[in-house]
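In what follows, a structure is listed as structure tokens, so that the remarks can point back to it.
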Amino acid sequence: MFENLTPDGKIKTVRYLKATHEDFAKLVREGKKIISDIKSMEKKTGISANEAENLAKTQPDKEIEVDNEKKTVFWLYSYYLNKKSVLEGYNRAYKFLMEEGVDELLFTINIGSESYDYNFYKFSLDTFDD
């Protein structure tokens, strides 16, 4: 089983990608910043991401105030959409680096990746403090 580890403890993958704990921690830190940005904007505007989406469909030109500037609801929806896209990118990178490596390690002990359905990145965002 330990043939899949490099001498410095990194996971060897078929693709020869190696990630350190710091790489994963950085993805989690950056994800938490994005979540914080979204929550901050929701607090500033009083409009959640879901509400912004609905308003963008019905009143895209409605003006709101953000940091003493006039913005449209469509701008706010775009802001949330961009932040959520970046967060999804971090999620995919984490999944690629971590879960693919885990899949390969499980395969070495005859356990298929279909035996679990778990999002380690979401778990990390929800669990670990900065």
Side-chain angles (χ1 to χ4, degrees):
M1 180 167 117
F2 294 106
E3 305 88 24
N4 283 2
L5 298 178
T6 65
D8 58 350
K10 297 176 186 172
I11 298 171
K12 290 185 208 174
T13 68
V14 172
R15 289 163 306 284
Y16 300 104
L17 287 174
K18 297 178 187 99
T20 65
H21 291 289
E22 181 54 33
D23 296 328
F24 295 121
K26 183 175 181 180
L27 285 168
V28 171
R29 280 192 308 271
E30 294 302 314
K32 286 183 178 269
K33 286 179 190 175
I34 296 292
I35 291 169
S36 177
D37 290 347
I38 290 170
K39 287 180 181 178
S40 176
M41 185 59 72
E42 288 177 338
K43 188 175 180 181
K44 285 180 191 179
T45 63
I47 301 171
S48 72
N50 290 338
E51 292 168 333
E53 180 179 5
N54 292 331
L55 284 170
K57 292 175 185 175
T58 60
Q59 304 173 50
D61 294 328
K62 178 181 176 182
E63 288 192 345
I64 55 171
E65 191 170 306
V66 179
D67 296 329
N68 298 319
E69 290 183 36
K70 295 287 184 188
K71 303 283 186 181
T72 64
V73 169
F74 186 77
W75 176 90
L76 181 61
Y77 172 63
S78 298
Y79 174 88
Y80 287 137
L81 193 61
N82 179 51
K83 292 292 182 181
K84 287 184 175 194
S85 295
V86 171
L87 187 59
E88 179 57 25
Y90 293 151
N91 183 28
R92 288 180 182 182
Y94 193 100
K95 180 174 176 56
F96 184 78
L97 291 172
M98 196 267 200
E99 293 177 13
E100 296 289 329
V102 168
D103 290 349
E104 290 173 13
L105 286 175
L106 290 174
F107 181 73
T108 65
I109 56 173
N110 299 318
I111 296 175
S113 61
E114 69 281 352
S115 66
Y116 71 92
D117 181 25
Y118 201 75
N119 186 325
F120 291 100
Y121 188 63
K122 182 170 178 358
F123 172 78
S124 297
L125 289 176
D126 294 342
T127 304
F128 300 110
D129 294 327
D130 296 330

Kindly say whether Glu42 contributes a backbone atom to a donor-acceptor pair with the side chain of Tyr80 at under 3.5 angstrom? yes

Please determine whether the number of non-hydrogen atoms from other residues, nucleotides or ligands lying under 6.0 Å from atom CZ of Phe74 exceeds 12. no

Distance check, rounded to the nearest 0.5 Å: Glu69 atom CD versus Glu63 atom CD? 12.0 Å

Distance col, row Lys44:NZ vs Asn68:CG, nearest 0.5 angstrom, shows 10.0 Å

Which distance, rounded to the nearest 0.5 Å, do you find between the OH of Tyr90 and the CZ of Arg29? 11.0 Å

For a 4.5 angstrom cut-off between non-hydrogen side-chain atoms, does Trp75 reach Thr72? yes

Distance from Glu88 atom CD to Ile34 atom CD1, nearest 0.5 Å? 12.5 Å

Report yes or no: do Val86 and Tyr77 belong to one cluster of Ile/Leu/Val/Met/Phe/Trp/Tyr joined by side chain heavy-atom distances under 4.5 Å? no

So if you build clusters from Ile, Leu, Val, Met, Phe, Trp, Tyr with side-chain heavy-atom gaps below 4.5 Å, do Val66 and Ile47 land together? yes

Going by heavy atoms in the side chains, are Lys84 and Ile38 under 4.5 Å from each other? yes

Distance from Ile64 atom CD1 to Gln59 atom CD, nearest 0.5 Å? 11.5 Å

Output yes when a side-chain donor or acceptor of Ser40 lies under 3.5 Å from a complementary backbone atom of Ser36, and no otherwise. no

Calculate, to the nearest 0.5 Å, the distance between atoms OG1 and CD belonging to Thr45 and Glu51 respectively. 8.5 Å

If you apply the rule side-chain contact (heavy atoms from CB on, under 4.5 Å), what do you find for Glu65 with Lys70, and how did you get there? CA-CA 5 Å; Glu65 191 170 306; Lys70 295 287 184 188; 4.2 Å; yes

